[in-house]
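Quick notes on the structure that follows.
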Amino acid sequence: MNIPKRYDAKEAESKWQAFWEAKGIYKFNPENNSPVFSLDTPPPTVSGEMHIGHAMAYIQADTVMRFQRMLGKSIFYPFGFDDNGLATELYVEKKTGRLAEEMSRQEFVELCLKESEIAEKRLHEDWKSLGISPDWDISYRTTDEWCRKTSQRSFIHLYKMGRAYRKYEPTVWCPKCGTAIAQVETEDKTLSSVLYDITFKVEGADLLIATSRPELLPACVSVFYHPSDERYKKYKGKMATVPLFGHEVPIMEDEEADPESGTGIVMCCTAGDSTDVEWWKTHKLPWISVIDERGRMKEAAGKYAGMYIKKARKAIVEDLAEQGLLKGKEEISHNVNVHERCGTAVEYIMTKQWFIKYLDLKELFLDAGAQLNWYPSYMKSRYDNWVKGLKWDWCISRQRYYGISFPVWYCEECDYVVVADDKDLPVDPSEATPPIDKCPKCGCDRFKPEQDVLDTWATSSLTPQIATRWKEDDAFFNKLYPMSLRSNGHDIITFWLFNTVVKGLLHENKVPWKDVIINGFVLDPKREKMSKSKGNIIKPKATIERYSADALRFWACSAKLGEDLPYEEKEIRRGVKMINKLWNASKFTLLHLDGYDLKYNCLEVADRWLLSKLNRVIGECTASFNDYEFSTVKKVIENFFWHTFCDVYLEIVKDRLYNPERGEEAKRSAQYTLYVALQAMLKMMAPIMPHITEEIYHAYFAEKENCKSIHISKWPEMDEDTIDEEAEEMGDKAEDVISAVRKYKTLNKKALNSEVSRILINCDNATEKQLEGTCDDLKATLHAKAIEFGDAEDNIITEKYELKLRVDW
RNA sequence: GGGCCCGUGGUCUAGCUGGUUAUGACGUCGCCUUUACGAGGCGAAGGUCAUGCGUUCGAAUCGCAUCGGGCCCA
């Protein structure tokens, strides 16, 4: 056996990655009748780069898949790329320096597709370098033909069941991007602003109203105060006159009006925020549109029409001041709802949009959340809170250039909705003709295509259906849906996970997976969130190049599910050390297994001790992996391998291996134990460190087991019969003696291999009997000429069993 | 404002269905070339388990409150 002195991780990792691909080790076989284990991972967006958070999450999920594969399951592990939607548009515009509105839609779409392809190649390489084990042949991209087809099918299915509807509705709108967006795409940002006290008139008297958005005065439709507010009760049912614009609006009561805020009386405009929209709905107020799709004032704003929001605000404030209607202003900082992608404050604009009706299904969604197995379980409450707080149906149309088309045309006369035929999918309604000649409602033969595109989440919420060939291959679908596992960051429970549950329930009346694992974030060494602006971003690529993928993986597995993990360089170095240690221990072990035929007659105490402990470790690692507790697996196997196996066991058996005087049987017993232990430990580490374990496996075990990769070899099974409580106690006592004598030598500044003439152990008869079985090993390990039992004066007490010893030099 | 999570030696962390002396790593210090590994081995120092109150024979672990940090949502 020729094992190199050093392990070259860089060379080995690319070698094994190529090997796995060439041999199809991770290929899904639909004919395989073993139970399926499948994974739904987030398709990374082409607009981003792989960051260390991705690395952690994908590695963690990958260890689970590798474990399940070794259990003999049929593994379905697809991989997708998300090149859809607004994120891609913004990325392409930034990268090429060209704007979508500079060219035709088709030209822009082509540019997006071209750039996505380049980005995907890069992403594929990056993800591959993590040593993950998907079947790359079943990868998808969210704008490919198959995904477009599935997304349009989903829409048509929802339309036909009455869940997709189109309506004029106040819609969350980004004036910068010029599109409707969903509730979930917004976030709150604290911004500084000015609160103006503005004079309204009631029957000739002044009524002061505080607002930060005076430009909405022309859209003012009522004013509110709290029902308990004594100051304003007298105005109930009266009308107030809006300054500058002169129209009259009703004065009304509502619990939502905060007496403490501003003057305690608030104007309701259509629409400044979600409260305005709620008031508009519940009090059945008229709708006045003053802001257009690009954030300019509309006709209703009178002389301010055509100005952008901020300019109009300034002009109106000036005019109010000039007319003496501005009574005060105060600098404030308040929370503003902004579009998460561009940071622009959102508006509520009345437009015609497509929605998925789902507010009536909250109970169903809560029930679905309860059906899923959440790891960790407390993450379920994020889902529950989100469902309970839903206020709007899901707006799925976007007024953008690049995205999947609605498979829809409208009758030019009566707006009748015509959807595409399934056989024609995917369609671009601008290019294709509708499947009917005449409108069934009015007989008109002219149709116009829907110009809007589907929200990107309308497609990415279908990843389980996309992967399992929904409505395309029933046998395949039925075998694979619902999927076994979803891996998800805690930040996207409310959209990606929730939306996927929605689609699963609406389409199949089933939750899309059995289990859900939620991973945490990677923080910087100071435990702060990584961000470009802080400049504390770590690129996994650099880490892999410097330390190897296995070292990165070893680190990634140290966080529990749901918990954030700080990136610490020293932790990565710990992985490097582990690889080195594993290499050296294996090199030593295999050297002594050369030509060994796995035959033995009877096992020595130390060997039974190790094998018994090994079996407990197998049991614990198996149970932990089944519960997605890879960090426990990592910790347990690391500890067992390093301390029990290397520090204690290997030192014990060296003499039996090297010294012929110990006899052939004692050697065979050690060889058997080494074989079994190393093989099992390698396999248990394989999901975490797939490259180094493959390298060692191929140096010896692959041939013995006749298996071409450790990753499709059999996971070690716990054998209850090997658990040997008696041997464990005997071995533990021997270990206790070894520790004590080592400590004694160290304190006396002696080398560990320095000879002692005698070790005298002063213990009870039972212990003496137990230790007798290990005497030869003890003598060899401690370099003691003799071990005797007796009543002499002692000078050492052992740590664990408090045995009394005396060491004679 | 609501929900959820977290506070354990200098740093990171295990334990948290209550029960000997609180786990391990990094760092620090000392000693040592064990026929695998000095990228190693053997040791040492270092902790009022955030704070307070409570439940209990017994609390890092359970309950309540406070303080601090984080995430999600208003």
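Letters go in sequence order (proteins before strands), and every chain restarts at 1.
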Q: With C1' as the reference atom in both, quote the distance from B:G38 to B:G30 in angstrom, rounded to an integer.
A: 16 Å
Q | Distance, rounded to the nearest Å, where A:Asp564 contributes CG and B:C5 contributes P | A | 14 Å
Q. If the P atom of B:U61 is compared with that of B:C16, how far apart are they to the nearest Å?
A. 13 Å
Q: Please report the shortest heavy-atom distance between A:Trp374 and A:Leu372, naming the atom on each side.
A: CD1-O, 3.3 Å
Q: Rounded off to whole Å, could you give me the CG-to-P distance for the A:Leu752 and B:C37 pair?
A: 15 Å
Q: Would you please confirm or rule out a distance under 4.0 Å between OP1 or OP2 of B:A44 and any side-chain N or O of A:Lys743?
A: yes
Q: Could you pull out the closest heavy-atom pair between A:Cys557 and A:Ile59, with the gap in Å?
A: SG-CG2, 4.3 Å
Q) What is the distance, rounded to the nearest whole Å, between atom OH of A:Tyr744 and atom P of B:G43? A) 15 Å
Q) For A:Asn385 and B:C72, what is the distance between atoms CG and P respectively, to the nearest whole Å? A) 14 Å
Q. Between A:His643 and B:A25, is there a side-chain N or O to OP1/OP2 distance below 4.0 Å?
A. yes
Q) Which listed nucleotide (B:G70, B:A36, B:U13) is nearest to the side chain of A:Pro566? A) B:U13
Q: Check every atom of B:A39, B:U11, B:C71 against the side chain of A:Asn580 and return the nucleotide holding the closest atom.
A: B:A39
Q | Reading 5' to 3' through nucleotides 14-19 of chain B, protein heavy-atom contacts under 4.0 Å coded B for base, S for sugar-phosphate only, - for none | A | SS----
Q: Compute both the distance and the angle, then confirm whether A:Arg616 meets the cation-pi test with A:Trp609: under 6.0 Å from the six-membered ring centre, within 45 degrees of the axis.
A: no
Q. A:Ala585 near the nucleic acid: base, sugar-phosphate alone, or nothing, with a heavy-atom cut-off under 4.0 Å?
A. base
Q) Is it true that A:Asp384 and A:Lys388 have a side-chain N and a carboxylate O under 4.0 angstrom from each other? A) no
Q) Reckon A:Lys750 has a side-chain N or O less than 4.0 Å from the OP1 or OP2 of B:C42? A) no
**Q.** Separation between the P atoms of B:A65 and B:C29, rounded to whole Å
**A.** 46 Å
**Q.** Phosphate contact (B:C26 OP1 or OP2) by A:Arg574 side-chain N/O below 4.0 Å
**A.** yes
Q) Of A:Val648 and A:Asn639, whose closest RNA chain B nucleotide lies nearer the 5' terminus? A) A:Asn639
Q. Counting side-chain heavy atoms from CB outward, which of B:U35, B:G41, B:C26 is closest to A:Tyr658?
A. B:U35
Q: Round to a whole Å and report the spacing from NZ of A:Lys749 to C1' of B:A44.
A: 13 Å
Q.
Any side-chain N or O of A:Lys654 below 4.0 angstrom from OP1/OP2 of B:A36?
A. yes
Q. Roughly how far apart, to the nearest Å, are B:A60 and B:A14 at atom C1'?
A. 12 Å
Q) Under 4.0 Å: is that the gap between some side-chain N or O of A:Trp642 and OP1 or OP2 of B:G41? A) yes
Q. If we take the P atom in both B:A44 and B:A22, what is their distance in whole Å?
A. 14 Å
